[in-house]
Amino acid sequence: MNRVVETYRAVFGTDPEGVWSAPGRVNLIGEHTDYNDGLVLPIALPQRTYAACSPGVDGLLRAHSAQNGETVEVRLDEVGPGTPAGWTAYVAGVMWALACDGHHVGGLDVAIDSEVPVGGGLSSSAALECSVGAAVSDLGGLGLLGDEAGRARLAAACVRAENEVAGAPTGGMDQSASLLCREGHALLLDCRNGSIEHVPLDLRGPEGDGFVVLVTDTRAEHALNDGQYAQRRTACERAATELGLDSLRDVDPQDLDAALDRLSDDELRRRARHVVTEIQRVREVVGRLRAGDLRAVGRLLDASHTSLRDDYEVSCAELDVSVEAARSAGALGARMTGGGFGGSSIALVPSGAVADAERAVREAFAARGWPEPECFAVRPDAAARRDT
Ligand code: GLA
């Protein structure tokens with residue numbers, strides 16, 4: 001955090017009025033369900049994006065990113081769908097979306113520094129949007145951070161920035177996680193009506209020996225605006241339309257086989273089967289977490305990965321290998337997390353086996369000549385906030 005203040009001073013020549021931060025996330029389970037009105041269960045990462053900010057000049061955004069050393073100036077009246085491009089889209093896009101909601105957003109001078117790996121499938125873009133959104137809300141007196149309803153409205157503005165200005169057709173899980181998660185808890189979010197529950201993530205295990213969520217950033221390339229993500233989304237919409245439903249959430253898991261029989265092709269059947277079974281797995285994981293049955297949670301993580309790999313076809317070799325290596329070193333279960341096609345996986349690992357699991361993953365990558373992956377254990381952290 002001190003680093004972002006120093007960066008701000010170096011760029012703007014004065015102290016910022018404050019520093020805001022927002023976390024990246026990993027999703028425990030409920031993948032590719034958010035845009036199907038489904039359930040998701042993310043946790044906030046300890047890695048955060050920091051935004052040191054002052055109101056600046058009305059109508060103007062001046063932004064510096066420590067990650068690429070770039071400083072840009074954007075006139076806010078020139079921001080809109082597709083403009084500007086690159087990382088500034090996320091910053092300017094949030095201001096644009098809040099203005100569209102009728103808020104007075106003024107201007108902004110901002111220096112950004114992030115601990116969330118960019119392109120690692122850990123929601124670096126949502127962390128950027130939400131840190132800036134939090135700052136704009138506080139500096140403009142919009143009061144959106146004050147309660148969960150306000151935070152949900154800010155999350156919606158951040159989603160709009162990502163969908164319309166940055167052009168990535170994502171659902172709303174990442175921004176909700178970054179703005180609504182609670183330390184020590186997973187966030188059970190119902191994407192149909194926005195209702196949330198904070199589910200304690202107690203990983204002590206039956207004998208109190210303890211488990212951790214181990215994240216592996218595979219470093220395999222991952223992008224959400226390259227067409228593959230949008231194709232999955234479209235397939236789900238087609239499947240729902242063929243079934244005469246608003247969304248795949250409306251398929252009763254008990255009637256899944258009959259529903260699948262009514263779909264016109266095998267691809268749609270596999271996509272729909274993933275979504276319906278994945279929503280059901282979220283419910284089961286929540287039940288098993290509450291019962292302290294981590295072995296069953298592990299099995300559900302494994303089933304989720306298989307479904308994402310075979311039915312939804314969003315995994316890749318690096319994700320599959322990281323998941324298998326973690327399991328072979330004693331993980332109770334493992335799966336890819338986030339949009340897929342690269343990015344990160346998670347594994348539920350006994351505390352005593354973390355070093356073994358990390359080694360197994362590293363060795364499996366080295367044996368294939370792939371770049372070294374990054375492994376780190378995470379605990380659920382807190383949502384976006386003002387730090388100073
Ligand atoms: C990305 C998107 C989310 C969600 C996940 C898949 O992270 O940003 O909205 O769809 O993929 O669950």
Side-chain angles (χ1 to χ4, degrees), residues 22-45 49 89-90 93-94 116-130 152 155-181 186-192 194 215 217-218 220-237 247-249 271 274-282 285 301 304-305 307-309 311-316 319 335-346:
R25 63 95 192 92
V26 283
N27 189 18
L28 295 181
I29 196 152
E31 220 64 84
H32 288 275
T33 53
D34 60 351
Y35 52 83
N36 287 296
D37 285 348
L39 303 172
V40 295
L41 192 68
I43 60 172
L45 294 178
T49 295
Y90 303 107
V94 174
V116 186
V118 172
L122 301 171
S123 290
S124 54
S125 52
L128 175 55
E129 291 150 7
C130 297
C158 292
V159 174
R160 193 163 174 203
E162 176 130 4
N163 290 170
E164 296 184 37
V165 180
T170 55
M173 165 172 69
D174 306 342
Q175 294 78 4
S176 296
S178 194
L179 281 158
L180 289 160
C181 275
L187 178 79
L188 174 60
L189 170 69
D190 185 331
C191 300
R192 177 143 69 181
V215 176
D217 176 0
T218 65
E221 213 164 296
H222 147 100
L224 295 176
N225 53 1
D226 71 349
Q228 287 275 7
Y229 183 95
Q231 279 173 25
R232 297 301 182 282
R233 212 173 157 154
T234 309
C236 291
E237 282 159 15
S247 71
L248 290 175
R249 171 69 181 273
R271 304 296 188 246
H274 165 70
V275 172
V276 177
T277 58
E278 183 78 354
I279 293 171
Q280 187 56 19
R281 281 188 287 273
V282 178
V285 163
L301 299 185
S304 170
H305 187 77
S307 179
L308 287 155
R309 184 192 62 202
D311 275 350
Y312 217 63
E313 295 180 289
V314 291
S315 190
C316 64
L319 287 168
R335 59 182 287 275
M336 54 156 279
T337 186
F341 311 109
S344 297
S345 66
I346 55 168

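Every number for a ligand or one of its atoms is a count from 1 in the order of the listing. Note that the structure is predicted; figures quoted are calculated from it, not measured.
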Consider every N or O of [X] and every N or O of ligand 1, then say whether any pair is closer than 3.5 Å.
{"X": "Y35", "result": "no"}
{"X": "Y229", "result": "yes"}
{"X": "G171", "result": "yes"}
{"X": "H32", "result": "yes"}

### Task
Please work out whether any backbone atom (N, CA, C, O) or any side-chain heavy atom from C-beta onward of Q175 is under 4.0 Å from ligand 1, and answer side chain, backbone, both or neither.
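Answer for Q175: neither.
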[X] neighbourhood, listing ligand 1 atoms whose heavy-atom distance to it stays under 4.0 Å:
{"X": "M173", "answer": "4 (C), 5 (C), 12 (O)"}
{"X": "T170", "answer": "2 (C), 8 (O), 9 (O)"}
{"X": "G338", "answer": "6 (C), 11 (O)"}
{"X": "R25", "answer": "7 (O)"}
{"X": "D34", "answer": "3 (C), 4 (C), 9 (O), 10 (O)"}

With a 4.5 Å cut-off on side-chain heavy atoms, are [Y] and [X] touching?
{"X": "V275", "Y": "C236", "result": "yes"}
{"X": "C316", "Y": "F341", "result": "no"}
{"X": "R232", "Y": "Y35", "result": "yes"}
{"X": "L45", "Y": "V26", "result": "yes"}
{"X": "I43", "Y": "L28", "result": "yes"}

### Message
Please verify the inter-ring angle class for H274 with Y312; under 30° counts as parallel, over 60° as perpendicular, anything in between as tilted.
### Response
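H274 vs Y312 ring planes: tilted.
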### Query
Does N27 come within less than 4.0 Å of ligand 1, judged by its heavy atoms?
no
#### Entry: Ion pair check, R271 and E313, cut-off under 4.0 Å
yes
### Query
What residue among S345, S307, S315, S304 forms side chain to side chain donor-acceptor pair (under 3.5 Å) with R335?
S304
